[in-house]
Amino acid sequence: MTLPPVSATTTPDPALAYRDDLIAAGLLIPTGVDGLYGRSALFESVVTGLDDAVTRMAAGDGAEVMRFPPLLTREAFIASGYLKGFPHLAGTVHSFCGNEAEHHRMLAAIDRGEDWSQHERPADVVLTPAACYPIYPVIAGRGKLPDQGALVDVFSYCFRHEPSVDPCRMQMFRMRENVRIGSAGHVQTFRDTWRGRILGFVERLALPGALDVANDPFFGRAGKLMAEGQRDQQLKFEILIPVTSESNPTACISLNYHITHFGEIWPLRMADGELPHSSCVAFGIERLTLALFRHHGFDPATWPAGVRAELWPSP
Ligand code: AMP
Ligand code: ZN
């Protein structure tokens with residue numbers, strides 16, 4: 001498989017060249033900060049096509065739809081353990097809570113070009129790092145799970161502090177997820193079902209995707225061991241698609257198995273009192289969009305008929 005050439009020739013970095021092309025075509029709108037972009041109407045039409053295609057794939061599963069703003073409670077964020085594994089990716093929200101005199105001191109610090117963050121205090125919300133995070137405390141708050149467990153459909157912008165010139169590595173991006181909470185058997189069936197679905201999906205989108213075992217980017221020395229353990233137990237699989245590099249393809253869809261991690265935290269309980277397992281399938285909507293533009297060109301009207309039918313089926 002060979003990637004089509006990028007048109008920008010002024011930079012040897014193919015990720016930067018692809019970003020330049022996307023900006024020149026008006027698909028991404030630069031802000032001056034790596035990883036933070038506006039999206040054009042055409043870009044958003046592909047986003048909507050992908051979102052609707054995921055809905056059709058899961059139609060009949062009976063998932064409960066939940067939509068949260070891209071914020072988590074600070075309490076849920078701390079409880080999730082995110083700061084243990086990924087302190088470098090987290091984004092917290094702070095606000096000014098002082099009086100007028102303190103306000104003047106903050107503005108003066110800004111005028112002098114000094115650090116003004118000390119004039120703010122942590123808010124009781126933080127930015128959501130993954131679309132599924134808000135649901136576990138909500139499900140736990142309902143009491144014991146029903147016999148059939150829970151199945152939830154979520155979609156959210158997510159924040160990760162990983163600025164990069166690679167347009168596939170954004171700081172704010174959308175994740176569409178289906179999350180299964182239930183017995184080990186329920187979760188195994190969910191993983192088997194979605195493994196087949198996501199492979200079929202990328203095939204219908206005519207994208208050269210391959211499923212591979214993966215690990216999360218855990219922080220530090222302890223994180224290295226966690227990443228190795230995650231791989232050894234095959235807890236995370238990703239659909240990898242070459243977008244800006246053939247040798248280093250991009251993870252566009254993840255299939256994650258948390259075993260009883262979230263069950264223990266909240267705590268969640270099955271009807272019989274057992275700890276539930278959980279798993280989620282997460283579609284990186286921007287990455288899939290960028291993969292489609294990369295492989296099929298910047299004009300969706302000229303994309304292969306099968307790809308268009310998958311995204312925009314005629315009524
Ligand atoms: P993860 O929770 O890391 O498995 O992420 C779920 C999905 O979100 C991945 O499969 C990617 O498609 C997408 N994703 C993760 N990080 C980023 C990012 N920095 N920019 C864009 N998409 C991302
Ligand atoms: Zn998830």
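Whatever order the structure lists them in is the order used to number ligands and atoms, beginning at 1.
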Peer 1: Below 4.0 Å from ligand 1: does a non-hydrogen atom of Glu238 turn up there or not?
Peer 2: no
Peer 1: Give a yes/no on ligand 1: does Cys168 have at least one heavy atom closer than 4.0 angstrom to it?
Peer 2: yes
Peer 1: Could you list which atoms of ligand 1 come closer than 4.0 Å to a heavy atom of Cys252?
Peer 2: 10 (O), 12 (O)
Peer 1: Regarding Glu228 and Asn215, is there a side-chain donor-to-acceptor distance under 3.5 Å anywhere?
Peer 2: no
Peer 1: Give the atom numbers and elements of ligand 1 that come within less than 4.0 Å of a heavy atom of Ala282.
Peer 2: 6 (C)
Peer 1: Decide whether His277 and Thr260 meet the rule of one side-chain donor and one side-chain acceptor closer than 3.5 Å.
Peer 2: no
Peer 1: Hey, is Ile253 touching ligand 1 through its side chain, its backbone, both or neither, going by heavy atoms under 4.0 Å?
Peer 2: backbone
Peer 1: Please determine which of Arg204, His296, His295 meets the side-chain contact (heavy atoms from CB on, under 4.5 Å) test together with Pro304.
Peer 2: His296
Peer 1: Please check: side-chain N/O of Arg160 versus main-chain N/O of Met172, any donor-acceptor pairing under 3.5 Å?
Peer 2: no
Peer 1: Quick one: nearest non-hydrogen protein atom to atom 10 (O) of ligand 1, plus distance?
Peer 2: Ser254 OG, 2.6 Å
Peer 1: So if I count the atoms of ligand 1 from 1 in the order they appear, which ones are less than 4.0 Å from some heavy atom of Arg169?
Peer 2: 19 (N), 20 (N)
Peer 1: Measure the distances from the heavy atoms of Arg160 to every atom of ligand 1 and state whether one is below 4.0 angstrom.
Peer 2: yes
Peer 1: Around atom 13 (C) of ligand 1, find the nearest protein heavy atom and jot down its residue, atom name and distance.
Peer 2: Gly284 CA, 3.7 Å
Peer 1: Quick check: does Lys236 get an N/O under 3.5 Å from an N/O on ligand 1?
Peer 2: yes
Peer 1: Centre-to-centre under 6.0 Å for Phe86 and Phe218, is that the case here?
Peer 2: yes
Peer 1: Once the angle between the rings of Tyr136 and Phe262 is folded into 0 to 90°, is it parallel (under 30°), tilted (30 to 60°) or perpendicular (over 60°)?
Peer 2: parallel
Peer 1: Can a donor-acceptor pair be found, under 3.5 Å and without considering hydrogens, that links the side chain of Ser279 to the backbone of Arg191?
Peer 2: no
Peer 1: Tell me the protein heavy atom at minimum distance from atom 19 (N) of ligand 1, and give that distance in Å.
Peer 2: Glu162 OE2, 2.7 Å
Peer 1: Given a threshold of 2.8 Å, state how many protein N/O/S atoms are nearer than that to the Zn ion (ligand 2).
Peer 2: 3
Peer 1: May I ask you to check if Arg195 and Phe237 form a cation-pi contact, with NZ or CZ under 6.0 angstrom from the six-membered ring centre and within 45° of the axis?
Peer 2: yes
Peer 1: To the nearest 0.1 Å, how far is atom 16 (N) of ligand 1 from its closest protein heavy atom, and which atom is that?
Peer 2: Phe173 CZ, 3.5 Å
Peer 1: Would you call Arg169 and Asp34 a salt bridge, taking side-chain N to carboxylate O under 4.0 Å as the test?
Peer 2: no
Peer 1: Within a distance under 4.0 Å of any heavy atom of Met170, pick out the atoms of ligand 1 and give their elements.
Peer 2: 18 (C), 19 (N), 20 (N), 21 (C)
Peer 1: Test side-chain contact (heavy atoms from CB on, under 4.5 Å) on Val281 and Arg180 and set out the steps.
Peer 2: CA-CA 9 Å; Val281 62; Arg180 185 76 171 105; over 6 Å; no
Peer 1: So is Glu177 close enough to ligand 1, meaning a heavy atom under 4.0 angstrom away?
Peer 2: no
Peer 1: Short question: side chain of Thr31, backbone of Leu36 - any donor-acceptor pair under 3.5 Å?
Peer 2: yes
Peer 1: Ile181 and side-chain contact (heavy atoms from CB on, under 4.5 Å): which single residue from Pro276, Cys132, Cys280 fits?
Peer 2: Pro276
Peer 1: At their closest point, which heavy atom of Val47 faces which heavy atom of Arg174, and how far apart are they?
Peer 2: CG1-NH1, 3.6 Å
Peer 1: Considering only non-hydrogen protein atoms, determine which one is nearest to atom 22 (N) of ligand 1 and report residue, atom name and distance to 0.1 Å.
Peer 2: Arg287 NE, 3.2 Å
Peer 1: Does Ala251 reach ligand 1 with a nitrogen or oxygen that is under 3.5 Å from one of the ligand's nitrogen or oxygen atoms?
Peer 2: yes
Peer 1: Could you list all the ring-ring contact (aromatic ring centres under 6.0 Å, His included) pairs where at least one residue sits in residues 97-124, not counting sequence neighbours?
Peer 2: Phe96-His103
